[in-house]
Number of protein chains: 2
Amino acid sequence: MALGKNKIEKEKDMKVILIGAGNLATHLGKAIFAAGHDVVQVFSRTMQSATALASEVGAQPVSDISDVRSDADLYVVSVKDSAIVELIPVLCKGKETKVFLHTAGSIPMDVFQGMALHYGVLYPMQSFSKQREVDFSQIPCFIEANDEHALQQIGDVAHQVSSRVYHLASEDRKYLHLSAVFACNFVNHCYALSREILEEHGIPFDVMLPLIDETAAKVHELDPKEAQTGPAVRYDENVLRAQGALLKSNPQMKDIYDRMSMSIHKLSVKE
Amino acid sequence: MALGKNKIEKEKDMKVILIGAGNLATHLGKAIFAAGHDVVQVFSRTMQSATALASEVGAQPVSDISDVRSDADLYVVSVKDSAIVELIPVLCKGKETKVFLHTAGSIPMDVFQGMALHYGVLYPMQSFSKQREVDFSQIPCFIEANDEHALQQIGDVAHQVSSRVYHLASEDRKYLHLSAVFACNFVNHCYALSREILEEHGIPFDVMLPLIDETAAKVHELDPKEAQTGPAVRYDENVLRAQGALLKSNPQMKDIYDRMSMSIHKLSVKE
């Protein structure tokens with residue numbers, strides 16, 4: 001019977017509880033909800049944050065961890081790295097047979113060890129801001145799990161929310177996260193410093209956008225090492241000296257300028 | 001008469017000579033040629049480079065500066081910053097009444113002073129690689145000139161090759177160039193360092209591209225300061241310490257990590 005066959009083929013919808021209501025929790029929670037799962041609760045330390053996300057995924061908001069129900073299939077922990085270690089023992093208590101995952105790049109899976117039987121990680125590597133919609137299906141998601149049961153559930157959810165799912169162990173994931181800090185947070189900070197310089201001279205940041213876009217587009221085709229241009233890779237000492245002098249009133253920016261230029265030059269002559 | 005009217009309205013095509021055949025000279029030279037100007041010669045120190053570009057713009061290649069014709073309307077100087085000061089007196093001799101421009105971000109217009117009567121700058125702010133085609137019409141071009149005659153010719157060419165033309169004096173242009181080094185060269189270097197980390201752990205750089213694209217896309221909408229995410233802006237000391245420890249075998253990268261993180265934190269608490 002057609003209905004029965006469909007029922008068998010379809011992955012079972014799960015009862016999911018979101019622990020955390022920050023940027024990542026919001027984008028992932030909405031993607032899990034959109035995939036058809038039943039998001040039953042959203043926990044946040046403040047009722048306001050819990051309510052904001054809960055209202056978007058049809059869940060009950062809670063701000064007391066002891067109010068978190070123990071009858072869900074999957075608990076998705078997306079809280080600050082500094083909060084996770086304290087939170088997990090309290091959260092897992094009485095729910096030891098359920099599946100738990102966290103979403104942090106730099107925290108090992110074993111943070112759940114001894115607290116739960118089935119656990120893992122689903123790390124969506126993206127820079128989330130509440131103000132921006134993202135296409136979650138294009139976000140690379142890195143998963144691991146401690147056993148087959150957890151891998152099945154975490155893998156199912158991952159494949160439902162993203163078309164780019166990779167298996168990666170904790171030991172490598174922390175280097176992936178470090179690498180993402182360079183490619184995203186430090187990159188964004190370079191944009192911010194660029195904007196600071198322009199502002200001081202009354203030039204709108206908008207003029208920089210075509211250059212920013214092309215710089216990002218280039219590394220889709222070229223190794224960034226091959227794509228490099230500018231005074232440091234040419235080792236144009238006149239320009240390097242003159243630009244350093246422009247920063248003399250800002251020693252911290254001058255310091256970044258010098259060290260980045262030296263590092264560019266050093267990488268260009270490597271091998 | 002229609003023909004006459006058209007002739008009057010159309011900006012006069014100029015005889016143009018390209019001095020230099022590097023990445024910028026190639027992209028700009030092709031755009032000038034495509035705009036309908038008569039590119040009569042391409043000079044480069046090596047005949048091979050001169051020929052490569054000359055063949056694309058229907059020009060004669062020359063590698064001896066004394067072979068550069070003196071009957072062109074416009075001389076476009078796109079050579080390394082370190083070569084420009086020596087080259088200009090030799091180039092301008094006997095052509096003092098012609099219009100000269102250079103394309104360098106950090107060199108003042110006055111490098112032509114006393115060498116020619118009509119001169120200026122056309123600085124196309126983009127990261128040019130020979131391997132990549134660019135849509136020149138989208139490249140912000142920053143112009144200045146020492147008199148009306150030079151401004152007319154340089155302005156005409158600029159508007160023909162780009163739809164984003166701005167007037168900017170040398171004093172501000174050097175800050176614009178510095179700002180571009182942060183937003184392009186340093187950004188690209190962050191990509192390169194990210195790739196180095198990934199390669200050591202057997203992770204393909206491709207996984208980073210959605211994050212790179214989103215980071216660039218975000219600053220079209222948000223001030224980079226507001227767009228910042230990650231451990232440094234959260235001042236998550238546990239992650240900062242743990243990531244620093246991952247770099248202990250690479251003191252130079254660790255140094256960049258620490259200084260960038262500190263600078264991100266400092267900017268986030270500014271004001």
Side-chain angles (χ1 to χ4, degrees), chain A residues 81-82 106 125-127 129 132 138-140 172 175-176 178-195 197-198 201 203 207-216 218-220 224-225 227-230 232 236 238-239 242-243 246 252 255-256 259-260 263-264 267, chain B residues 81-82 106 125-127 129 132 138-140 172 175-176 178-195 197-198 201 203 207-216 218-220 224-225 227-230 232 236 238-239 242-243 246 252 255-256 259-260 263-264 267:
Chain A
D81 288 15
S82 51
S106 284
M125 193 176 65
Q126 189 50 280
S127 167
S129 296
R132 266 184 73 82
Q138 294 307 307
I139 297 175
D172 286 329
Y175 285 97
L176 177 74
L178 174 64
S179 171
V181 165
F182 276 87
C184 168
N185 306 148
F186 291 176
V187 160
N188 184 72
H189 190 55
C190 291
Y191 300 156
L193 296 178
S194 170
R195 186 183 170 125
I197 297 166
L198 292 176
H201 296 272
I203 305 170
V207 302
M208 211 50 75
L209 295 174
L211 182 60
I212 284 172
D213 291 346
E214 172 67 7
T215 304
K218 265 179 148 180
V219 296
H220 283 249
K225 203 173 133 176
Q228 191 57 281
T229 58
D236 190 330
N238 291 337
V239 176
Q243 294 200 324
L246 297 181
Q252 197 178 20
D255 205 48
I256 288 175
R259 281 160 204 274
M260 290 294 276
S263 180
I264 289 172
L267 185 66
Chain B
D81 289 15
S82 51
S106 284
M125 193 176 66
Q126 191 48 280
S127 167
S129 296
R132 266 184 74 81
Q138 295 308 305
I139 296 175
D172 286 328
Y175 285 97
L176 177 74
L178 175 64
S179 171
V181 165
F182 276 87
C184 168
N185 306 148
F186 292 176
V187 159
N188 184 72
H189 190 54
C190 291
Y191 300 156
L193 295 178
S194 169
R195 187 184 170 123
I197 297 166
L198 291 176
H201 295 272
I203 305 171
V207 301
M208 211 51 74
L209 295 174
L211 181 60
I212 285 172
D213 291 345
E214 172 67 7
T215 304
K218 265 179 148 180
V219 295
H220 284 248
K225 204 173 131 176
Q228 191 57 282
T229 59
D236 190 331
N238 291 337
V239 176
Q243 293 200 326
L246 297 181
Q252 198 178 17
D255 207 46
I256 288 175
R259 281 159 203 274
M260 290 294 275
S263 180
I264 289 172
L267 185 66

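Only a predicted model underlies this, so the values are computations on that prediction, with no experimental measurement involved. Note: hydrogens, waters and symmetry copies are ignored here, and every other heavy atom, side chains too, is used. All chains are named by letter (A, B, ...) in the order of the sequence lines, taking the proteins before the strands, and each is independently numbered beginning at 1.
In summary, the side chains of B:Ser127 and A:Thr229 do present a donor paired with an acceptor at a separation below 3.5 Å, with no hydrogens or angles considered.
Of the atoms belonging to B:Val181, it is side-chain heavy atoms, and not backbone ones, that fall under 4.5 Å from chain A. Neither the backbone nor the side chain of B:Ala242 has a heavy atom closer than 4.5 Å to any heavy atom of chain A. Interface residue B:Leu211: backbone and side-chain heavy atoms are both found under 4.5 Å from chain A. Only the side chain of A:Asn238 has a heavy atom closer than 4.5 Å to any heavy atom of chain B. Looking at A:Val239, only its side chain comes within 4.5 Å of chain B, counting heavy atoms on both sides. Looking at A:Ala180, the atoms closer than 4.5 Å to chain B (heavy atoms on both sides) sit in the backbone and in the side chain alike. With a threshold of 4.5 angstrom between heavy atoms, B:Ala227 approaches chain A through its backbone and through its side chain. For B:Asp255, the part sitting under 4.5 Å from any heavy atom of chain A is the side chain, from C-beta outward, and nothing else.
In this structure, the separation between NE2 on A:His189 and OG1 on B:Thr215 is 14.5 Å, given to the nearest 0.5 Å. Atom-to-atom distance recorded for B:Asp213:CG and A:Gln126:CD is 9.0 Å, nearest 0.5 angstrom. In this structure, CD in B:Glu214 is found 10.5 Å from CG in A:Asn188, a value given to the nearest 0.5 Å. To the nearest 0.5 angstrom, B:Leu178 atom CG is 5.5 Å from A:Leu246 atom CG. For the atom pair CD (B:Gln252) and CZ (A:Arg259), the distance works out to 9.0 Å, reported to the nearest 0.5 Å. Remark: A:Leu176 CG to B:Ile203 CD1 distance equals 5.0 Å, nearest 0.5 Å.
Among all heavy-atom pairs drawn from B:Ala192 and A:Leu267, the shortest one is CB-CD2, 3.6 Å. Closest approach of A:Ser82 and B:Asp236 over heavy atoms only: N-OD2, 4.0 Å. Of all heavy-atom pairs between B:Phe186 and A:Cys190, the closest is CB-SG, 3.8 Å.
The candidate from B:Gln138, B:Lys218, B:Arg195 with the greatest count of non-hydrogen atom pairs under 4.5 Å with chain A is B:Lys218. Contact count versus chain B (heavy atoms, under 4.5 Å) is highest, among A:Ile212, A:Leu209, A:Asp172, A:Ile256, for A:Leu209. Interface check for chain A: of the options B:Cys184, B:Pro140, B:Ser263, the most heavy-atom pairs under 4.5 Å are formed by B:Ser263. Between chain B and the options A:Arg132, A:Met125, A:Met260, the largest number of non-hydrogen pairs under 4.5 Å is found for A:Arg132.
Every residue two or more places apart in sequence or in another chain that forms a side chain to side chain donor-acceptor pair (under 3.5 Å) with B:Ser194 is listed here: A:Ser179. Take B:Gln243 and apply the side chain to side chain donor-acceptor pair (under 3.5 Å) test, not counting sequence neighbours, and it matches A:Ser106, A:His177, B:Tyr257.
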